[in-house]
Amino acid sequence: MAQKTFKALVITETPEKRYLREVKEKSLSDLPPGDVLVKVAYSSLNYKDALSAIGNKGVTKQYPHTPGIDAAGVVEESQSPEFKPGDEVIVTSYDLGMNTPGGFGQYIRVPAGWVVKRPDGLTLRESMIYGTAGFTAALSVFRLLGAGVTADQGKILVSGATGGVGSVAVAILAKEGFAVTAVSGRPENKDYLLGIGAREMISAEEATDTSGKPLLKSLWAGSVDTVGGPILATTIKSTNYGGVVTCCGNAASPDLPLNVFPFILRGVTLIGIDSQNCPMEMRRKVWHRIAGDWKLPHLEKLASETDLAGLSEQIDLMLKRQHRGRTIVRLPD
Ligand SMILES: NC(=O)c1ccc[n+]([C@@H]2O[C@H](COP(=O)([O-])OP(=O)(O)OC[C@H]3O[C@@H](n4cnc5c(N)ncnc54)[C@H](OP(=O)(O)O)[C@@H]3O)[C@@H](O)[C@H]2O)c1
C-alpha cells in the first residue's frame, strides 16, 4: 500500500557543500521507527535550526535533513500506553530536528520518552511561542529562583534580550516582580524590550568591560545569560556577593574570559542550563509553570508567524541577527 506523503522543509547538501532549502514531499516511510507518530500543527524557529540549515555538523551530521527542534501536534499513532491517537502533545529537544527529522515537517515519529502531554492552560500554538527557547528561559528562571534569588535582592541582567531565550526570560522575570535590565546590541529594540517588561536597556558595549579587572562594581543580584564571551565574563565580575548567574548560550562566543575571584571572593554561583537532556521530571515541572503562573499575558507581543514557504527567509534573518522574539511555524492542515 502506498505510504501517506506530507510536506517538509528539506535541507540538501550539494557536492560543493552548499546547503539547499526546499519544501518537498516526503513519505511516512522516510521517518525513523519510533513509538509515537505526531501530526505537527506548529513548530518554532530556534538558533539550532538555523545552524542545521547551514550545514553545521555539530548539530546535524547527515543530509538530506528536516530541521525543527520543536513540534506541537496531535498523536496519530502510538505504540506507547502513555499516549493515544488524538492526544495533543509537545516534543522539544532530545534529538528532534538534529539528526531525527524535526518539526519543519507535517509528521514526526519519536520515542515516547521525548513526548510531553500539552499542559492544560496552553494551546498548541502558545506552546510553540515558548518552544525550546522559551522553555530554556523558564528553566533558567526556575534555577535562579531555586538558588534563592529574590526580587528584593536587586536587579537581574538578561543578555541577548531581543532573542528567543532573552525575550521570554525578560518577560517571565518581570512577571515574577524582578527589576530586569536587558542587554541588547540593537538600540532600536528598546521600546520592544520595555514593552515586554524590562525596566531598562543597556547596550552590549555598556555590558562589556574592557579594563581587564578581575572584579567590578557589584550591580546584579542575578543574570540570565544567553550570549557567553565577554558579556558573560563582565556579568559574573559585576554580580553581587552571593548572586547567581545562569549560562545557556554562546550567541556571542563560547569563551569565558575570567578568573576564579568572583567565585572565591564574592561567592557567585554559575549555573549551566541544558534544555536538550533536561530530565523529564524537571521538564514537566517547568512546562507546568509556563502554562500556569508564568503564562505571559502579552505572549503575542513576542511572536510572529510563518509557514514552510516563509521559513527560509526567517532563518536568514536569524543568522544575520535581524530576528526578534519567537517565530512560530504553522504547518499545513
Ligand atoms: N542550553 C540550552 O539548552 C539552549 C537552549 C536554547 C538556546 N540555546 C542557546 O542560547 C542562545 C540564544 O538562543 P536564542 O534562541 O535566543 O537565539 P536568538 O533568537 O538568535 O537570539 C540570540 C540573541 O543574542 C544576541 N546576539 C547575537 N549575536 C551576538 C553577538 N555576536 N554578540 C552579542 N550578542 C549577540 C542578539 O540579541 P541582541 O541583538 O538583542 O543583542 C540575538 O537576538 C544560542 O546560543 C542558543 O544556541 C541554548
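Indexing begins at 1, ligand by ligand and atom by atom, following the structure's order.
Looking at Asn250 against ligand 1, both its backbone and its side chain come within 4.0 Å, counting heavy atoms. The side chain of Met318, and not its backbone, has at least one atom closer than 4.0 Å to an atom of ligand 1 (non-hydrogen atoms only; side chain from C-beta on). Within the 4.0 Å heavy-atom criterion, both parts of Val165, backbone and side chain, lie near ligand 1.
Looking at Asp333 and Lys39, no side-chain N of the basic residue comes within less than 4.0 Å of a carboxylate O on the acidic one, giving no salt bridge. Between Arg324 and Glu188 there is no salt bridge, since no side-chain N of the basic residue sits under 4.0 Å from a carboxylate O of the acidic one. Look at Lys213 and Asp209 and you find no salt bridge, because none of the NZ, NE, NH1 or NH2 atoms lies under 4.0 Å from a carboxylate O.
In this structure, CD1 on Ile129 lies 9.0 Å from OH on Tyr42, to the nearest 0.5 angstrom.
Where the criterion is an N or O separation shorter than 3.5 Å, residue side chain and backbone included, Gly185 meets it with respect to ligand 1. Looking at ligand 1, you'll find an N or O of Arg186 within less than 3.5 Å of one of its N or O atoms. For ligand 1, one of its N or O atoms has an N or O atom of Arg321 under 3.5 Å away. The shortest N/O to N/O separation between Gly164 and ligand 1 falls below 3.5 Å. Note: no N/O pair closer than 3.5 Å links Ile231 and ligand 1 by distance alone.
Taking 4.5 Å as the limit, some side-chain heavy atom of Leu265 sits within range of a side-chain heavy atom of Leu215.
Taking the six-membered ring where the residue is Trp, Trp114 and Tyr94 present parallel rings, their angle staying beneath 30° rather than reaching 60°.
Less than 4.0 angstrom separates some heavy atom of Gly160 from each of these atoms of ligand 1: 23 (C), 24 (O), 25 (C), 37 (O). Contact atoms of ligand 1 toward Ile273: 1 (N), 2 (C), 3 (O) (distance under 4.0 Å to a heavy atom of the residue). Those atoms of ligand 1 that come under 4.0 Å of a heavy atom in Ser275, given as number and element, are 2 (C), 3 (O), 5 (C).
Within the structure, the closest approach of Lys48 to ligand 1 does not fall below 4.0 Å when heavy atoms are considered.
For residues 49-59, the pairs satisfying salt bridge (Lys or Arg N to Asp or Glu O under 4.0 Å) are Glu13-Lys57, with sequence neighbours left out.
Residues passing the ring pair (Phe, Tyr, Trp, His ring centres under 6.0 Å) test with Tyr241: none are found, sequence neighbours excluded.
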